[in-house]
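Remember, predicted model here, so these are calculated numbers, not experimental data.
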Amino acid sequence: MNQKEWTIMIYMAGDNNLAVDMAYAMEQIKGVAAQGTDSPNLFVYYDGNSPAIPTLYCDFSEPGKPRYVRSYKVPNKLYPPIGKKENENAADPRSIVNFVDWCVNTVEVENDGEISFGRRADKYALIFSGHSLGFQDIGLFKDETSGKSMKMNEFYNVLARLTGKRKELDARADEDGYEGDARKIATKKLLDQNLDLLGFDSCVMGMLEVGYQFSDRAKTIIASEGSVPSAGWTYAKILGCLAREQNRNVDPREVAELFVKEFIQSQDAYTVGGVSVDMAAWDLSRFDELVGAFDDLAEILLQSFTDENSRIYKQMERVILQVHWKCQSYMYDQNVDLGDFCELLDRECGLVYDELGGGDDIETLRWVQRACQAVLKELRRAVILSGFSGGGYQYSNGVSVFFPWSREAYEVSKKNYESLWFAKEAKRRRKTWTDFLKRYLYDVTRRKVEPMNPDCAPGMKYRYRSGVRFDEPIEAALAAAVGAGNGGTITKIAGQEGSKIAGQEGSKIAGQEGSKIAGQEGSKIAGQEGSKIAGQEGSKIAGQEGSKIAGQEGSKIAGQEGSKLAGGGSSAFFNSLRLFKNIDSRWDISGFTKKPEKD
């Protein structure tokens, strides 16, 4: 039996509200095989959320001979399950490894009465379908039965295991101290080469940080900067293009470009329903240069904010705020399109330079312009093709970057963000985008709390310390030390007890229990059950069930309605992530517009 050009593996993490849509998509994929023997090897991993339906391994490689195998019945898995689990955890990295091993090494293949095992190919594509939120761990391939999500570092290690060559696998086994059977499992040959195509049929994965994370594990990536409809990719059209004779034996970059073209054009019929989508194909061999150019820009932006009394500091603060506000955005407006950001920043810097009439002190504006143009040049090389359908993502250029509005939004993302290769590797070389974000969000745009003035004259604006006084000797010393260094400010970050920042215990910010803000339990404002205001149950106004807007049911954004991420411990995360106001806050201060004559 001749080896086929492509083996395409689609991993559907559907143990959540996406299960039904994925079942429809699986039928589309099965239909591709019906186009003839020239179709690629096609495999699907399907994990639904019905307890009556076990996790499935599907082989749709042969026309008219679809195979559905119950995962728990597959013998000799690399990582056997503990006990009989019919519905397995799709967020477990071992589930991915077991599935790929079955596809390329152990699936039984019959050809003219002869039995062989595994469907290897010249090129490999691995496509993930499920919930995601870019680099954030929260909700990545969420599995509701187990209550688990995958972590980004686990995901990278899975891809390293799949694509690693023997020398690398041996080195990893040595590092982990594996011997005997454990070593055999850890070093068994899987793909033995980088993925030719890594696809994300999931939300917000089209980020510079995500691409750089996997740039040494795949040749191309297909991803969306924004949200993906729950129906997902139009697999019949996308995969069907590989069965056409003119598309055989072509470079993976051309295949990735075809996928984007087919998907965007297939979505045009749905714009009448208000659906907006985007998709891009990347050449990952160009990402080092793109990240390098972006680091250059970040360094220059940091230099603009060296002296807060300088003209360039004040002008750049206004310019970046204007550009940030206008820019194409995603993920609750906390990501921006990199190309649109640089185009707008280049333009605004040029306008401000002309208005000020030049001067050595604002020559930095020209440096910023040149750095933006360098990023755009590298972006055009890295993005094979980017497309959008519908006006919601009309300024998309193929790659987004994390640019939150508030320190709180950065803080709740900090652990994930600073663990990425994008942050860690660049940190060893020079100042980077991560450094810029900290300077910009913690200092430049942060509105500091005003100092208390309990001894001011009557009639003056009056601020004083309120609340309980802690009977702890260290408290006074700590308050004095913090106050001396921060104008009397004791900062309370989102989520901590006693803080007034979104999401924490005792706060009155939108969405939490006991608050009077829109949508939460006990509120009378728009959106809650029983209300007659826009967005309530049964309404056709924005926000209702079935909407395709990011973060609601029907979207592939992690944490939307219907998901278990939307409540409980994750509510503080989403409340903080959505914050736009970047203001210092503290619990123990009160005041009046004028001090009363008598206390």
Side-chain angles (χ1 to χ4, degrees), residues 5-11 40 123-129 132 134 159 163 194-229 232-244 246-268 276-291 328 330 335 337-340 375-390 393-401 556:
E5 181 184 5
W6 282 94
T7 288
I8 298 177
M9 298 161 283
I10 301 162
Y11 191 86
K123 301 168 185 172
Y124 294 101
L126 183 56
I127 298 167
F128 291 90
S129 181
S132 63
L159 295 185
T163 61
N194 277 3
L195 289 162
D196 293 274
L197 190 153
L198 174 60
F200 292 108
D201 179 11
S202 54
C203 291
V204 201
M205 296 299 278
M207 301 184 68
L208 181 66
E209 297 91 336
V210 172
Y212 190 73
Q213 185 79 6
F214 304 123
S215 59
D216 64 339
R217 297 299 166 185
K219 296 177 182 177
T220 66
I221 278 182
I222 297 175
S224 296
E225 298 177 76
S227 61
V228 175
W233 289 5
T234 47
Y235 284 99
K237 290 183 177 291
I238 291 175
L239 299 180
C241 71
L242 290 178
R244 300 172 198 153
Q246 68 268 27
N247 296 331
R248 295 174 203 153
N249 300 311
V250 299
D251 189 275
R253 289 172 294 186
E254 295 180 53
V255 173
E257 183 175 355
L258 277 171
F259 276 28
V260 173
K261 179 182 174 183
E262 292 285 351
F263 176 71
I264 294 300
Q265 290 179 343
S266 72
Q267 292 297 304
D268 288 345
S276 292
V277 297
D278 75 282
M279 180 185 275
W282 302 336
D283 179 353
L284 291 181
S285 69
R286 303 296 313 182
F287 261 59
D288 277 345
E289 289 78 8
L290 177 57
V291 169
Q328 176 72 64
Y330 320 90
N335 293 349
D337 180 83
L338 179 57
D340 195 40
V375 172
L376 290 168
K377 181 179 178 181
E378 292 301 334
L379 183 65
R380 286 189 287 269
R381 290 173 174 171
V383 176
I384 302 166
L385 181 66
S386 175
F388 72 90
S389 179
Y393 298 134
Q394 61 184 299
Y395 298 110
S396 298
N397 292 276
V399 179
S400 66
V401 68
K556 292 207 175 179

Taking all atoms of both residues into account, what is the closest heavy-atom pair of [X] and [Y], and its distance?
{"X": "T234", "Y": "S266", "result": "OG1-OG, 2.8 Å"}
{"X": "A256", "Y": "I384", "result": "CB-CD1, 4.5 Å"}
{"X": "I238", "Y": "F263", "result": "CD1-CB, 3.8 Å"}
{"X": "Q394", "Y": "Q328", "result": "N-OE1, 3.5 Å"}
{"X": "Y235", "Y": "S129", "result": "OH-CB, 4.0 Å"}
{"X": "G390", "Y": "S276", "result": "C-OG, 3.4 Å"}

Please check this pair: side chain of [X] against backbone of [Y], looking for a donor-acceptor N/O pair closer than 3.5 Å.
{"X": "E225", "Y": "G206", "result": "no"}
{"X": "S224", "Y": "C203", "result": "no"}
{"X": "Y393", "Y": "S227", "result": "yes"}
{"X": "D278", "Y": "G226", "result": "yes"}

Distance (rounded to the nearest 0.5 Å) between [X] [atom1] and [Y] [atom2]:
{"X": "E254", "Y": "L385", "atom1": "CD", "atom2": "CG", "answer": "12.5 Å"}
{"X": "S215", "Y": "N194", "atom1": "OG", "atom2": "CG", "answer": "9.5 Å"}
{"X": "E257", "Y": "D251", "atom1": "CD", "atom2": "CG", "answer": "10.5 Å"}
{"X": "Y212", "Y": "D288", "atom1": "OH", "atom2": "CG", "answer": "5.0 Å"}
{"X": "Y11", "Y": "L126", "atom1": "OH", "atom2": "CG", "answer": "10.0 Å"}
{"X": "S400", "Y": "M205", "atom1": "OG", "atom2": "CE", "answer": "10.5 Å"}

Taking the side chain as C-beta and beyond, is there a heavy-atom pair between [X] and [Y] under 4.5 Å?
{"X": "L208", "Y": "F287", "answer": "yes"}
{"X": "W6", "Y": "D196", "answer": "yes"}
{"X": "L290", "Y": "L338", "answer": "yes"}
{"X": "L239", "Y": "I10", "answer": "yes"}

Would the number of heavy atoms belonging to other residues, nucleotides or ligands and lying under 6.0 Å from CZ of R286 be above 12?
yes

Step-by-step side-chain contact (heavy atoms from CB on, under 4.5 Å) determination, I222 to W282
CA-CA 7 Å; I222 297 175; W282 302 336; over 6 Å; no

Could you tell me whether the side chains of D268 and S389 share a donor-acceptor contact shorter than 3.5 Å?
yes

Would Y330 and S396 count as having a side-chain donor-acceptor pair, cut-off 3.5 Å?
yes

In sequence, state the C-alpha distance, the side-chain angles, and the governing distance for L198 and L159, and then conclude on side-chain contact (heavy atoms from CB on, under 4.5 Å).
CA-CA 10 Å; L198 174 60; L159 295 185; 3.9 Å; yes

Sorted by chain and number, sequence neighbours left out, side chain to side chain contact (heavy atoms under 4.5 Å, CB included) with Q213 holds for M152, Y156, L420, W421

Qualifying salt bridge (Lys or Arg N to Asp or Glu O under 4.0 Å) pairs with a residue from residues 203-218, counting only residues at least two apart or across chains
E168-R217

List the steps and the verdict of side-chain contact (heavy atoms from CB on, under 4.5 Å) for R381 and D283.
CA-CA 8 Å; R381 290 173 174 171; D283 179 353; over 6 Å; no

Please lay out, stage by stage, how I127 and W233 fare under the test side-chain contact (heavy atoms from CB on, under 4.5 Å).
CA-CA 10 Å; I127 298 167; W233 289 5; 3.8 Å; yes

